[in-house]
Amino acid sequence: MQDANLRYPEIGISEVSLTFGGKIGYLDEQFCQVEDLQDEASPNFAEEVVTLFFKDSARLMSNIELALEKYPKDFNRWDAYMQQLKGSCSSIGASRMKCEFMSFRDYCGQGNVEGCMRSFQKVKREHTVLRQKLETYFQLLRQAGPAGAATRPVM
Amino acid sequence: MASCKGLGGEGSAPAPHVLAVDDSSVDRAVLASILRSSQFRVTAVDSGKRALELLGSEPNVSMIITDYWMPEMTGYELLKKVKESSRLKEIPVVIMSSENVPTRINRCLEEGAEDFLLKPVRPSDVSRLCSRVLR
């Protein structure tokens with residue numbers, strides 16, 4: 001991933017990486033695992049999974065938003081919905097979003113409505129940024145073509 | 001990539017058929033890919049209900065891997081139904097969950113689950129299953 005930083009500095013891909021000096025990257029090692037599942041039969045598997053993730057996560061976040069409005073102080077329900085979203089995030093390695101789920105859970109445990117609301121807004125922001133970064137990442141990979149994919153560093 | 005060597009190749013026994021059950025489309029896709037790259041034949045469904053329908057019509061399922069938390073029928077409830085069936089009870093069932101809850105894990109193992117995997121599932125988990133569950 002460090003070599004990828006040199007190859008794609010313009011999209012800040014240093015942030016699409018494992019933790020460096022305490023800073024949490026947008027993606028963790030699980031994303032590498034997903035990319036490693038690509039083969040000749042499924043050359044775009046990672047992008048397909050990411051597309052599924054953003055489709056799924058948009059729906060789940062919409063459900064959460066509705067639940068926050070429709071079921072005031074129903075912390076168990078809110079937490080249950082968030083856990084569904086957390087599961088999908090774990091599968092693609094969305095580490096910053098995963099971190100925020102822990103904060104959300106803590107706020108639910110404390111019965112802190114404002115904290116939950118703030119935390120959910122942060123999840124939404126991280127989701128948007130991650131989508132933008134990954135769209136750019138896959139666009140660059142497509143532009144680089146097979147040669148670029150062949151030189152992608154192996155973790 | 002880890003694989004169940006000696007299975008499914010030309011002239012050898014057919015590849016084991018794994019039924020993957022998960023309501024998350026993302027998790028289903030990743031799990032199915034890991035299983036296929038380990039030379040399993042995979043059918044992926046999105047609910048316990050669909051899993052039971054398939055088990056009713058497909059005679060040769062070698063293993064079931066199911067998520068724990070699913071709407072309508074949890075993986076635990078699916079496990080119980082499989083183990084209560086005289087026709088299905090010998091099929092190994094593996095439970096997956098993104099949460100490490102010891103009471104949940106113990107309950108599943110006591111009910112007859114072969115193993116309990118923490119999500120996200122890795123190829124190394126599948127390799128371990130291959131050698132333990134399908135030997």
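Throughout, protein chains are lettered first and strands after them, A, B, ... in sequence-line order, and every chain is numbered starting at 1. Note that the coordinates shown come from a computational prediction; the quantities given were computed from them, not determined experimentally.
Taking 4.0 Å as the cut-off between side-chain N and carboxylate O, A:K86 and B:E99 do not count as a salt-bridged pair.
The cluster map of Ile, Leu, Val, Met, Phe, Trp and Tyr, joined by side-chain heavy atoms under 4.5 Å apart, puts A:Y81 and A:F120 in the same cluster. Under a hydrophobic-cluster definition in which Ile, Leu, Val, Met, Phe, Trp and Tyr are linked whenever side-chain heavy atoms come within less than 4.5 Å, directly or via other members, B:V42 and B:L19 are assigned to different clusters. One hydrophobic cluster, built from ILVMFWY side chains closer than 4.5 Å, holds both B:I91 and B:L109. Connection of B:V45 to A:L52 is not established within any shared hydrophobic cluster, with ILVMFWY side chains joined at heavy-atom distances below 4.5 Å, either directly or through further cluster members.
With respect to A:S91, the side-chain contact (heavy atoms from CB on, under 4.5 Å) criterion is satisfied by exactly one of B:V121, B:L31, B:V26: B:V26.
Nearest approach of B:D27 to A:G87, heavy atoms of both residues: OD1-O, 4.0 Å. Pairing each heavy atom of A:S90 with each of B:P120, the nearest pair is O-CG, 3.6 Å. For the residue pair B:A29 and A:F45, the shortest heavy atom distance occurs at O-CZ, 3.5 Å. Taking each heavy atom of B:S37 and A:L37 in turn, the nearest pair found is OG-CD2, 4.1 Å.
More than 12 heavy atoms of other residues, nucleotides or ligands lie within 6.0 Å of NZ in B:K83, so this atom counts as buried by the packing criterion. Residue A:Q143 places its CD atom among more than 12 non-hydrogen atoms of other residues, nucleotides or ligands, all under 6.0 Å distant. Residue A:M117 places its CE atom among more than 12 non-hydrogen atoms of other residues, nucleotides or ligands, all under 6.0 Å distant. Heavy atoms from other residues, nucleotides or ligands lying under 6.0 Å from CZ of B:R50 number 12 at most.
Between the NZ atom of A:K98 and the OG atom of B:S98 there is a distance of 10.0 Å, given to the nearest 0.5 Å. Atom CZ of B:R36 and atom CG of A:D39 lie 11.0 Å apart (nearest 0.5 Å).
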| query | For A:Q30 and B:K119, what are the C-alpha separation, side-chain angles and deciding distance, and is it a side-chain contact (heavy atoms from CB on, under 4.5 Å)? | reply | CA-CA 10 Å; A:Q30 176 62 20; B:K119 286 176 153 187; over 6 Å; no

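Using a 4.5 Å cut-off between heavy atoms, A:E48 makes no contact with chain B at all. For a residue to count as touching a neighbouring chain, one of its non-hydrogen atoms must lie under 4.5 Å from one of that chain's; by this rule B:D67 does not touch chain A.
At a threshold of 4.5 Å between non-hydrogen side-chain atoms, the residues B:P123 and A:Q33 count as touching.
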